[in-house]
Structure formats: C-alpha cells, structure tokens
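So that the names make sense, note that chain A is the first sequence line, chain B the second, and so on, each numbered from 1.
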Amino acid sequence: MSDKDIRIGVYICHCGENIAGAVNINEVAEFAKNLPDVAVVRDYLFMCSDPGQEIIKEDIRKGLVNRVVVAACTPRTHEPIFRRACEDAGLNKYYFEMANIRDQCSWAHWHEKEKATEKAKQLIAAAVAKARLLEPLEDRYVELNKNVMVVGGGIAGIFAALDLANAGFKVYMVEKNPSIGGNMAKLDKTFPTNDCSACILTPLMVEVANHPNVELITYAEVESVDGSVGNFKVKVRKKQTYVDWEKCTGCGACINACPPKARVPDEFNEGLSLRGAIYIQFPQAVPKKAVIDPDACIRCSGRWFGEEPRRTKDGKPILAPCEKACPTGACSRDEPRDPNGELIELNVGSIIVATGYKVMDKKQFKEFSDSPNVITALQMERLITATGPTEGKLIVPSDIPKYLEWKKKVEKGKEAELEARKPKVITFVSCVGSRDNRYHTYCSRVCCMYMLKQAMLLKEKYPELDIYMFFIDVRTPGKDFDEYYMRCRNLGIKIFKGKVGGVQKLPDERLLVKGYDADLGKPVELISDIVVLATAIEPNTDLKDLARKLGINVGAEGFLRERHTKLYPVDTMTEGIFIAGCAQGPKDIPDSVAQAKAAASSAASLLAPGKMKVEPLISEVNPEKCTGCGICVELCPYGAIEMVEYNGKRKSKINETLCKGCGVCAAACPSKAITLHGFTYEQVVAQIRTIAKKGVIEEV
Amino acid sequence: MEVMEGVPPVINLTEVARTEKEEFEKKVSELIIEFGAENLLACMQCGACASICPLARVGFEWYNKKLIKAILIGMKEELLDDSTPWACVACNRCTEICPRQVSPFEVMFAMRRLMVEELAISTLAIEGDRSLYEHGHAVYMTGREARKKVGLPEKPPTTDSDEKALQELRTILKNTKLAELGLIPME
Amino acid sequence: MNKFILAWAKDREIRKRGQCGGFVTAILKFMLEENIVDYALLVKKGSNLEYSIFLTSNPEDVVDCAGSVLWATPNIAKFIAEYLDTNEYKIAAVCRPCDARAIVELAKMNQINIKNVFMIGLNCSGTFLPATLERMFETLNIRVEDVEKVGIKKDRFVVFLKDGKVETFPLEDLEKSGLGRRENCRRCEVKIPRMCDLACGKWGVIEGKKTFVEICSDRGEIIVKKAVESGVVEFEYASDENVKIRDELENFALKMSEKWQDYYFGQMSSMSYEERRNYWFGMFERCIKCYACRDVCAVCYCNDCILNPWRLLVKGGEIPPSFSFHITRAVHIAQSCVNCGQCQDVCPVEIPLSRIAHKLNKTVQEIWGYIPGIRLDEKQPLSRAENDI
Amino acid sequence: MISETVSETLKEKLKFGLFLGCNIPFNRPDVEQAMRKIFPALNVEIDDLVGQSCCPSWGTMPSVDVVGWCAVAARNLCLGEEKGIDLMAACNSCYGSLNEARHKMLNNPEIMNKVNEILAKIGKKYEGKAKCRHVAWVLYRDVGLEKIKESIKYSLDGLTIAVQPGCHFLWPSEVYPDKEEDPFNPKVLRELCKALGADAPYYTKLIDCCGMGALRSTNPEKSFTLVKEKLECIKEEIDADLIVTTCSSCLIQLDDAQERLRKEGKISFSIPVLHYVQLLALCMGFDPQQVAGICVTPRDEIIKRILESGKR
C-alpha cells in the first residue's frame, strides 16, 4: 500500500457550535496532521456550505490531496453532498470517507469536552486508516419501469394515484376492501370547514376509477414483493368475491334477499348495524359491486359454488335467495370458485404505501363499562351521518335495534311508532388509548379536532343537547383550528380540563361519568346518555406484515417509518418505496393529502428519467475462496444470492441489481470470500484496529 | 396529628424552588422516587386518578393528582404537614387506570414513607407499628370473649401464641427502617 | 418392519469374528457385493493399540475389519469431506455418534452429499486415546500384548484378555485419576446415533451374539429387508424388555455425561470473569500455531481459512498468535461443534480446546434450542434469518 | 412461571394455608370459624400456618419501608412455601398486601435479594413460589360452583344480595394470581351468590369503595359519606335483603357504620351484612352462633329466613 502515492486531506467541520462547542478543533487538527499519509488538514465553520466545499475542491484540483476525509456530522444526510464535491473536482467520489464527530461524539459527550476531543481524534484516525485502503468504484445505472403501484385507496392513495396518472404514469391501485374510499368515506363532515365528507370524496373516487392511466384492483392484497427500485415484481392476491363483477351492476337486489340469519356486524357502520353475507360495502362504493363474505354465508339452499342445486319434487332447481334475486346472473353458483382468488403479477418501478389506519376498539377500556351507549368517535360519526344506520337520526345506540325494527315495518308499509330514546346529554372523552403507556404513547393528533367537530355538529343541530367534553389538553395546532375551538366554546359546549377515570352503568342504560376538572381542582360527575371515546388511531393489524413484504421499516409505535423525519418525510429506507397518509402516523385529511402529493411527486421525479444511478457499494463473491456452504443465501434479506455452477462446483453468486450492500453476507461468510465494496474487511478491520489502539494507525 | 386544611392562597414558586435547592439535600421528587414511586416523572396531570379517588371525593386536600403536582413542583413543607396520605385506603383504582403507569397509590405511600423518615407522623400512626412489633398484629385485642363465644381457642395460631415466631418477626423488623428510625428497639 | 430389531449375520465365520453377531460386517459386505455402494469406510485394527481408517470396494476386506476398537478415534466426517467426492461415489460409512453428527453438519453446509452416504451408526459410551490406554494398562498391571479387546459396561472398564479372562475396573475412579475416556467422551450427550440410517449396538441384547438395531430411516429399512431376503442377515423383533434395558443403559450413560458436564462447565462458571479470562488466555499463550486443531476440526470446511497467515487476521511468523486466532475459531464452530474432541486430541500443547468449544455450543443450544448434527432439515441458528422486524 | 406449577400441583390435593390476618381472628372470629367449618366439608384441607403474623397491613410496614414490607410478607409466604402450599385469605387487605409485596419481589431482584438477606437471619428464604389466594377465588375456581351447590342444605331462593367484592379483590389487577375478566364489572362474587340460589344484581356503585381502613381512622366523618352513598345506592337500586362481601374490612365498615348512620338519623333502613364464607356456612347448615354470631347490624331475621325458607 505504501508504494502508492496517497495524499489524504482531512477537513474538520465546526458545525457552528455543534462540534466546536465540545471538541477542541485545533487540538484535533494538530493530531490529524501527524497521521500517516495525511497531506492537508483544514477546518471550517460549516464544511457543507458552498465555501466549505470549495476548500475541498480547491485542494483536489491543485493536486494536494487524492483522498478526502471529512469529519463532520452524519453520512446519512451529508455523505452524498461531499461525494458530489469530490466528483466535481475530478476525484473518484469513492475516495471519500466521513467521520461522524457530531452525532456520536460532540452531542453525546457535550459535558465531557476532553473526552469528546479524544474521541474525535480516534474517529478521525479510524477514517484516515480506512481512507488509505479506499478503492475507486464506478456508479452503475439501472433501467426503471415507469409503472407505479399505490397500496391503499383512501384519500391519500387516491391523490397519489391521480397526480401520477395525470403526469402520464400508469398506476395500479390496490385496495383490500371491495371499494376504495377508506376511512374518510365513513365520516360525516370534515374539520375545520365542516364540508360534507362524501361530497368532497366521492367525485375523487369516481375520477380515479375512470382515469385511463389508473387500474383499480380492489378486494386485493399484496402477497409478495421482489426486486428493487425501478424493477419491483409484485404479486397481488385478488380475493374471491364469489360474485361475477363483469355481470354485477351494483343494483343491490341480492343484498335485500340475504336472510336475517346471515347477518353480521357491518364494518362500514363500525358494528352499529348488521349487513348480509352478500353485501355492497356502502351505497356510494366505487366500484359498486357486491361480494360474498364466505364466513358469514349460511349456504341457504344447501348449495355452495360448483355444487349441484337441490331440486324440488318437480325437478326445478332450488336456488339461493341472492342467486334468485340477481337480475344478471352475477350471483350464479353453477361454477366452482377458487377460495384463494386470483394471483396478479405486476411490474412496477415504484410503490406508494397509503394503507391508512384503524381506530382502537373500545373493548380493552374496561373502566368505561361495556354499555352499548359508550361508543367510539368513529361510531359517533356513523351515528350522525345521513348514510349511517339511523340515517342521521340521533338516538342512543342501545336503541338502534329498535330503530331498525321500526324501519323495516315502515318499509313494509305498516304503521309504527318509533320508541327509541333521544339523548339529552352527551359526554366526550379524549386521549383514550393515546398518550397512554399501556397502549400508545403518541398523541393521535386528530382527536381533539374531531371531538370538537362532532360536538359542534350536534350542538348546532340539537341546541337543547347538553354536551360535556373532557380533554387532558385541547390541541389545535393547525390553520383555523383554534378559531374552530373557540366557535365550539361560544356554542355553549362545556369543556373540562381533566381525564375521565371511569364510567358506570346506571340501571336504565344511562351512564354515570366520573371525571375531574383541573380548573375547579375537584372530581366531577354527571349522568350522560351517550359517552363518546376518542379512541386512538393505530396502525392496521397487517401493516407490519405488509412492511416486511416490502422490506420497509416500522417504528416502535407500529407505523411505517420514514427515512428522515424532516428531510425525507415520505421516503423509506428502501429506495423507490414511498409512504403517505396515516400509515406513516396519525394525521388529518389536509396533511394526508399533502403527503400523498409529495409521495407522488417523489415517485415521479425518480421514474421520469427512465434510468437511475446506483451506488456500487454492493457485495461480490470471490468464487475461488467460496466453499459453497450457502450460509449467505439463507441470510440475504433481499434474495440477491443464488448458487451457481463454477468450475464444476457449486458457488454463491450475488445479483448486483438486487444487492443493497447491507453486508450481512460479507459478515457471515466464514471464509470471508465475500467483499462488500466500500466496506471491505480490510477497511473495517483497519478502522477497528485504529480505535482499539486509541487512534494509532498500525501498519499491516 | 394536626390536620392542616387548605393551601396558601398564592404558591410562590420562586420561594419553593429556592427552599428546595438551598434547604434540602435532595429534591422531594427524587426522594419520592427512591421511596418506591419509580414512575413519578411520567405523570402528565391528566386527572384520571383524581376522578375516581375516594379521598378526592370526600374532600381531602392533597389527593393523588395534586400531591404529584406538588411533589413535581418541589413543595415539601406543606405536604409534610398534611394528613391526606395517611387517609389513603390503598384501593388502587388509580393504579389500574393511570394511562402513564405512574401508580399514584405508590406516590401516596412513598409520601407516607418520606413523612416517616422525617418523623412527621403522629403517635397514632406509630401505634400500628408498635403493635406489630409487640404482638405481630397491627390490630390486636386482649379481650378473647368473642373467640370463645364462637367456639375458637382463645389465641389464634399466629405470633400471638407462638413466641418463637414472634421473635423471628421481631428480628425482621429490627432489620428495617423501623429500627433505624428508633420507632422500635434496635438490635 | 418394526423400528427395533435384534439381528445377526447368517454366515458363521462373520458371526464368529464380528462383534455382537456380526450384523454390521454382514450388512457392509452385502452392500458392496450388491453394488449398493461403491466403497465401505471403516476402521481396521493394527497390532497392539494401532488402527487405521480403511476404505475398500472389496467385500472380502470387510470381514478383516470386524470387531470393535475402543481406542480408535478416526475422523470419519473430515475424511469423507476432504478425500471423497460424495457427488460421484456412494459410500457406506461406519460412524460413532460424533462422526455422524459431523457428517450431518457438513451436509447442511453442502460439503457432503448425504444422499450418497449410508451411515451405519454404532452406539458409543466413549473412546480411549491409545496413549492413555497404555498408561491405564501400566497402572492396572496388564501387559498390552495380553489384551484381546477392551470395553465399557455401565460404570466399569472391562479388559478381555487373550487367555479368555475378563477383568473389570471402576471407570469413575480411573477417570478421576486422569485416566479413562477422552474428556469430550465423558461429556458426550449423544450415545445412540439416531441420525444414522441404522443405529447398532449391544445395548438391549439379553442373551446370544446379536446386534440391537434401531432402524432410523426408510433406506435403512430397505437395506435390512433386502439383506434379510438375500439370506445374509437373520433377525427377530426386539421385545419390550429389550427396548427397556437399552433405554436404561442409554439413560445411565447420559446421566454420567451430565455429571461430567457439571464438573467441567461448573469449574468454568465458578471462576470469576477475571479468573476465567486469565485461565484461557494463559492456555492460549501456550499455542504454537501448528494449525492442527483447525485442520482436524470435523465441522470446519473453508477452502481458504481466514486464519491462514497474512489473510486478514493472523500475522505470519508470530507465536503465540493473537488471541483472536482462538476466539475466531471458537466462534466459527460454535453453532456446529459436535464435541468430537479431535481438536483437543491433536493439540501438542494440551489446550483443552474441546471444552471451550463444547461450552460455547451449549450456549448456542440454550439460546436457540439447536443441537448440532441431529436433524438434517434444521438450519443452523446463526445461518438463518428470522422474519421478525 | 414457577408459581403456576405450585397451584397446579395443589389442584389434586386442594390444600391451603389459612391466612388469618388481624381483623378476622380478633374482631370477627366468626369468619374464622366459618372457614374452619366450610373447607373441610368441601374436602379442602387447611393448614394453620402456625406462627403467621400480620400481612403487614397498609398502615404499618408498607408505609415505612418497601423492603421491610416485603420481608414481613415474605416470612408469611414462606410458611406456605415451606409446605409447598399457597396461602388463602378472607381479608382483602391481606390478599392485597401479600400479593403486592410478592409482585414487587418477583419484578425487582434487588428487593428480593435484600428481603432474603433479612430472612437469612431467621433461617428462611423466599423463592417466590407460594402466593396468596383469595377465598372467593378458591371457592369459585378450585372448589367450583357445582360442588358448592351440592354442599348446601339451605337455598337462598328469593333473596336479593348486594355484593361488595372490595377494592383489593380487583385492583391493581396486575398483581393478583386470579383476575376478573373485567375488573370494573366483577362477576365472581355475584356468581358465588347465585350458586346459593340468590339473586345478585348489578348496581351502580358495586365497585365503589366502602371507605374503611386508613380513611376511617383518619377522618370518620368523611369515611361515612362514602359508605352512606353506597348503602343508599343499594337500597334504592336493588333494595337488597342482604349485603355480602368477601373482605373483612368491608364487612366491619358496612356493618358498623350502618348502625352509626342509623343512630345519627342519616339512614332509616337496615341491611344485614355477611362475609361470603359466613353465608356459605349458614347455607351448609353450621351453627349460626358460631359462624355468624358477631355483628352490629342485626342478622337474626335474615338468618331465620334462610333457615326456614329454603330447606332442600
């Protein structure tokens, strides 16, 4: 190595006070000057700034240095910047190495300045030790497929899909429910303007469905994802609908035919009403098609798909009610149906994940009693909306069965009196499951606002209602949000600062609410007809599973993790996969839409050029050393390694387009037959040895 | 014990902070944590504990939520003068529902322990401990008529009738803070 | 066919010369004769305490190898992986449990094509180093020349003399005085090689010269059936009594191992961290870097070992080598070590290498529940990615 | 968990150490006698745990020193552990104090070590195996409702019972060996009462505190406001014939305070109060004088009613 002409430049960044505040820059610079092969040592207030980069470029251009070590902050954000500077000045950019003397040094040891300085020296020495062994590498290019898959057809998915489709990209929208629309379709009105949710959402649903560049794949789930940015191979499982969608017109005749015995809680109404085994998700569904829930179906006529119908005495086939009711034959049970549905293969260049959220069930909150009149806020939303189980008529939830009974009678033309109780007092409880160490420590972000919204809608419609709201704090950080809050107070809604600790059932289905008011400094209690729990927004149950399939990260709280909170909020650690909406964390509609559009634009700018530069920091097998044991094959998280024939022996080989350079194989190989370029064994060992020897670079 | 009801009309935070820094060796919150309320600092003052606390319900001054707040602020003298912690029934509703797993019950009892340490307790409260040492029972009665009436032997098979067991218990008690504080004879 | 049989060779000569009725010899001979395998791999006894690994394609040679040799510690697995192309040739190998386990481990690493290796396992309660045996005879006042063979019966060391006399000695006393079985054998936790196709031994046989055979694979069953059909082997089904006795003997042997494990590992864990480090580093100081431990290791398989001088870790010409030499080796074999003891046998400076390797492996076993060399379809824990984010 | 295995092995023999505490042997020995009667009759062996002491109760060691609390509790638990049996208590305070102490020891090795250092001085060591079970749970889970139904001579048909499980039967649910499915809507005591033929309906203040313990000794007036609220709710909502509790403290409070409130003219009704083991003993036909002979609020009438009406 020493015969080569190596001239290392060490550039130490003050990062304003961030580094210089704890690390003695002069001392470190003096130390660096004496390291082997170091030709130049310089320091500057902000190395990443334009003049800072210019210092490096100047030295390269003048031929003073041919390896660059920058001691500054995190390579995650800044390595690309310095690499580009090297490249601009005519140096192979992989002759660059970074020492992080901020995040892991000055910040961590802010109060131990001497030790921080010592550690900075060691980190720089380690980087120099590695820099001496750096090799020039060449970037690769991969072709990009210009199709995009959007997972999730809620408001975020719809916007992402529309933006991309309008820009000319082909979009596959995969939705697990029969219809797109997501959680927003369940809402009555939206804050802070009180627009009708359906009025602003349904036109968009139609637009995306009819867009020539969008292919809707609903009632489907992602089964597997292979490949990498630009060339993802996705398998999507289209679930069995048991209804021929080609023929189904969404007329709904089958729904009414489905017998009462086959009724199960209606997911769309959050369990407040029942739906049949054959159902259309909701009246404004897109596509408006029926599906059969095979778990709920009671096989009425004793017949399942592909089975011969039973016959009457005179030989006529006995058909299932839905089959009989269908005017187009879409429900015919003559043909067998594969319960596994159909596997669809897609090739896409980028993926946007916008799978939304679910709200916590109230079941786990035992202290709020098991009364049916204690409901979640999303149930409240269904209760007040015109498309809900009571068509927007406000009654206590325990009386909904009475209402449905009454409605049936009226529909049959009978005269009947509705005997459902109307609530006089409604209590709202915030932070149920949010900000709670037992469930979710995070704030669900939208609860304060939607509670205020519901209270406002109720109070405006039924001024005689008494509404009590218990908040730990009222959080309204958004444009026009606090004004909205003040509007609520002006309406005479009673707001308390304090959490409700328990709800007890009274014998007449009313509820005794035990709360606390911080302003009075006293416990308070009241009798309420309905208690609304603002249960937390939480990740969908299968989100972890989906993340694993996609190879993206999930944070401790269970939401998808972005690459960088501030700088890359819609990117993931896997190139080419973007996230938007509540799958990334609780947020309201404006934020979801903004994120969706950001994700769409990120995907578009990635795919538009048609090809992409890929770092050469990937692994390579030396077949001479490889013993073919196959450990690496098992361990590779990207499925990038396979066994191939080499000189009559089985050896492993790494597919460079799939390899992400994670280094697992190189670390695991007992023969060390695998090299991870940019992080070779020699380079890493040199770093470790240098640190082990407290900053002394050892000649090997 | 003198029961001090009420709080001063204005709480002078500057003065509280100064007293805590200058007059005490340790912050009161640190002491409370040491005395067993490990999650004290997780409290966000939501008030759920107070909403169902029997003490708050019947009008004691320093019930769970307020006690925690006062500890977090650094108030000490006011708290040492108050009897609320000694009224806590240890019902643990608060522990069950606290969203931050602070266990306000544990804070109440840590406060008791702090008061014991500072000997800010009445003889009444010490009585139970003395009785425990003397007889092995916190509640103890010499009258045995009731037992005889229901057909039981005069003495139950406890430390009451077992001198060796009582000595064992005393050995244990002598190795606790009770003895350190001089509330029972030292070993 | 039942899983447990008692079997013996029909041929009178084989029955006489072979151990326990010559079943193993008869089967091997049969397999060569019928060209079921190309080679048989076995151990041949030499004069006094000598032995050699013996590879043959000639059925007649097999009979010359009949009889058990308790001082033979052949490295069967290494021999196969190193010298035989198991993709090309079919081999029948006679293995002790540790050999068989090493073969299974190497098969998982694609170093042996186990499809072409028929394993005839021998029950084993331990082996002796020839040198130790010599010292034992000296202590016990027995002339090597007079010894026909040696054996272990429960807790007794048994010497069969050429004049027909049999003498027995308490094994534990011998071992406590530093004689007796190899250290790894004392700690060994697999006595019946059920990972083989056939597991053979004398345990469970009540009377007569018979071999108790546990049939452990489909192909094992086929071979035995064929041999019976061709009239080479005769058999009867093992009774419940036979099986019970065998289980008892196995458990007895396992209990003994457990005691020795407690002894050796207990010694290690009773040391403080400091003591333990000083002990092992002291041991490693002795190392003369002869590479024998590595070369002999039954579960090592790299073409170009990273411990080779000037490859990444080890400096040429430096003795003793940096401790990383030993640490690297220990870590590399930790998940697969089958406690065969070869490393310790060959170490010229007597570092108790198998002890540390076995202990490390026990840790792996505790964490992942993985016992090396037992099941072919079970991947080694450190070579497996868990799908758990 | 090691502790589970202990109770598993107990399943066959059903043997428990009878943990008395303080209130029961000195204040309400009829409860002790009731237990001594019913369990042998239900084929459950009870051991006296000779030498047991106070649990320790909340006002003593728990208010002084966590380690001291645990050490006293551990000595009591050791008495069972040495015999391979669990303890059984009819007092919620004992149940709470012993189990909370055990929970602290199991979850904090530092406390466990310190406790065992102290215990070593009297030649004992607590390993965390033995725990304290509640009589109600033993009757519900180990003995079983069927066996209870079989064993009774008198049935309570037509009686309405207001149940009072008591706080330390429920919270903190984390520390208890047996847990109600919903601690805010407890069912076990109601089921046990129903097994005797009575009706045991829900009432709004079912889980509310009776106000006993430190609250009563610190400020009786305030304590009585709680018990009054509770009694009124019972009277108004379900008009109970009888209040049944599984806690000796609740028993004393509800029984004593009622009389006082009546004298002060704050309430005008009288509802007899019994511990469940007493009620069961009565139903099984044991001598009322022995198993339910000590009370403030009169029980004669209800006892008469039980013995007359429901002969089976």
Side-chain angles (χ1 to χ4, degrees), chain B residues 3 35-36 54-55 57-60 83-93 95-96 103 105 109 112-113 115-116 124-125 128-129 131-132 136-141 143 146-147 149-152 156-162 164-169 171-173 175-178 181 183, chain D residues 20 22-23 25-30 32-33 36 48-54 56-68 71-72 75 93 96 118-119 121-122 124 167-168 170-174 183 208-209 211-215 217-219 222-223 225-226 287 289-291 293-294:
Chain B
V3 178
F35 284 131
L55 301 190
R57 188 172 183 87
V58 299
F60 278 90
S83 68
T84 309
W86 294 94
C88 172
V89 291
C91 73
N92 268 303
R93 276 173 181 72
T95 311
E96 187 77 8
S103 187
F105 148 79
F109 269 63
R112 283 192 186 184
R113 290 166 203 144
M115 290 163 95
V116 171
L124 200 78
D129 290 314
S131 174
L132 180 66
H137 287 284
V139 175
Y140 187 73
M141 267 166 226
R147 290 188 64 82
K149 183 183 158 201
V150 301
L152 286 170
T158 65
T159 39
D160 195 23
S161 55
D162 186 335
K164 185 177 159 273
L166 186 59
Q167 289 309 329
E168 276 183 13
L169 180 70
T171 307
I172 289 177
L173 294 174
N175 282 285
T176 68
K177 205 164 252 175
L178 269 189
L181 296 172
L183 298 175
Chain D
L20 296 170
C22 307
N23 267 330
F26 296 114
N27 247 325
R28 296 289 174 141
D30 51 344
E32 178 181 338
Q33 185 61 288
R36 293 189 183 281
D48 264 344
L49 298 181
V50 174
Q52 54 173 298
S53 72
C54 175
S57 73
W58 301 107
T60 61
M61 292 313 293
S63 305
V64 177
D65 167 14
V66 172
V67 173
V72 175
R75 196 192 74 93
S93 290
I118 297 178
L119 288 182
K121 294 180 200 274
I122 57 165
K124 287 193 186 298
C167 307
H168 280 115
L170 305 171
W171 310 296
S173 54
E174 192 189 13
D208 283 23
C209 176
M212 183 54 177
L215 179 49
S217 49
T218 310
N219 191 326
K222 287 179 173 169
S223 160
T225 60
L226 282 182
D287 176 7
Q289 265 309 311
Q290 292 205 344
V291 298
I294 300 168

Quick one: list whatever passes side-chain contact (heavy atoms from CB on, under 4.5 Å) with Ser93(D), sequence neighbours left out.
-> Trp58(D), Cys91(D), Ser249(D)
If you count heavy-atom pairs under 4.5 Å with chain D, which of Thr176(B), Val89(B), Asn92(B) comes out on top?
-> Asn92(B)
Is there a donor-acceptor contact under 3.5 Å from the side chain of Arg113(B) to the main chain of Ser63(D)?
-> no
Of the listed residues (Ala165(B), Pro157(B), Ser161(B)), which shares the most heavy-atom pairs with chain D below a 4.5 Å separation?
-> Pro157(B)
Choice from Val64(D), Val50(D), Asp208(D) maximising heavy atom contacts with chain B below 4.5 Å | Val64(D)
Contact part of Arg36(D) toward chain B, heavy-atom cut-off under 4.5 Å: side chain, backbone, both or neither?
-> side chain
Among the options Thr95(B), Leu152(B), Asp162(B), Leu169(B), pick out the one with the most heavy-atom pairs lying under 4.5 Å from chain D.
-> Leu152(B)
Any donor and acceptor pair, going by atom type alone, linking the side chain of Arg93(B) with main-chain N or O of Cys167(D) inside 3.5 Å?
-> no
Any idea which of Met212(D), Glu32(D), Gln289(D) has the most non-hydrogen atom pairs under 4.5 angstrom with chain B?
-> Glu32(D)
Largest heavy-atom contact set with chain D, pairs under 4.5 Å, which of Asp129(B), Leu166(B), Leu132(B), Thr84(B) | Asp129(B)
Regarding His137(B) and Thr158(B), is there a side-chain donor-to-acceptor distance under 3.5 Å anywhere?
-> yes
Of Cys209(D), Gly293(D), Pro56(D), the largest count of non-hydrogen pairs under 4.5 angstrom with chain B goes to Cys209(D)
Which bit of Cys91(B) comes within less than 4.5 Å of chain D, counting heavy atoms only: side chain, backbone, both or neither?
-> both
Give the member of Gly59(D), Pro183(D), Pro62(D) that has the highest number of heavy-atom pairs under 4.5 Å with chain B.
-> Pro62(D)
Top of Pro54(B), Gly128(B), Ala90(B) for chain D proximity - count of heavy-atom pairs under 4.5 angstrom = Ala90(B)
Report yes if some heavy atom in the side chain of Lys124(D) is under 4.5 Å from a heavy atom in the side chain of Ile172(B); otherwise report no.
-> no
Would you say the side-chain atoms of Glu96(B) and Ser173(D) include a donor-acceptor pair closer than 3.5 Å?
-> yes
Below 4.5 Å, heavy atoms only, C-beta onward: do Val66(D) and Phe109(B) meet side chain to side chain?
-> no
Highest number of heavy-atom pairs under 4.5 Å with chain B among Thr225(D), Asp48(D), Asn23(D), Val67(D) belongs to Asp48(D)
Is a side-chain N or O of Gln33(D) found less than 3.5 angstrom from the main chain of Val150(B), in a donor-acceptor match?
-> yes
Considering only heavy atoms, which portion of Val139(B) lies under 4.5 Å from any heavy atom of chain D: side chain, backbone, both, or neither?
-> both
Does Pro156(B) reach the side chain of Gln52(D), with side-chain heavy atoms less than 4.5 Å apart?
-> no
Should Leu178(B) and Asp65(D) count as side-chain neighbours, where that means a heavy-atom distance under 4.5 Å?
-> no
Under a 4.5 Å heavy-atom cutoff, which of Gly213(D), Gly68(D), Pro25(D) has the most pairs with chain B?
-> Pro25(D)
In terms of heavy-atom proximity below 4.5 Å to chain D, should Leu173(B) be classed as side chain, backbone, both, or neither?
-> side chain
When the 4.5 angstrom heavy-atom criterion is applied to Leu119(D) and chain B, the contacting part is side chain
Heavy-atom proximity to chain D below 4.5 Å, by part of Arg147(B) = both
Can any side-chain N or O of Thr218(D) pair as donor or acceptor with the backbone N or O of Ala214(D) at less than 3.5 Å?
-> yes
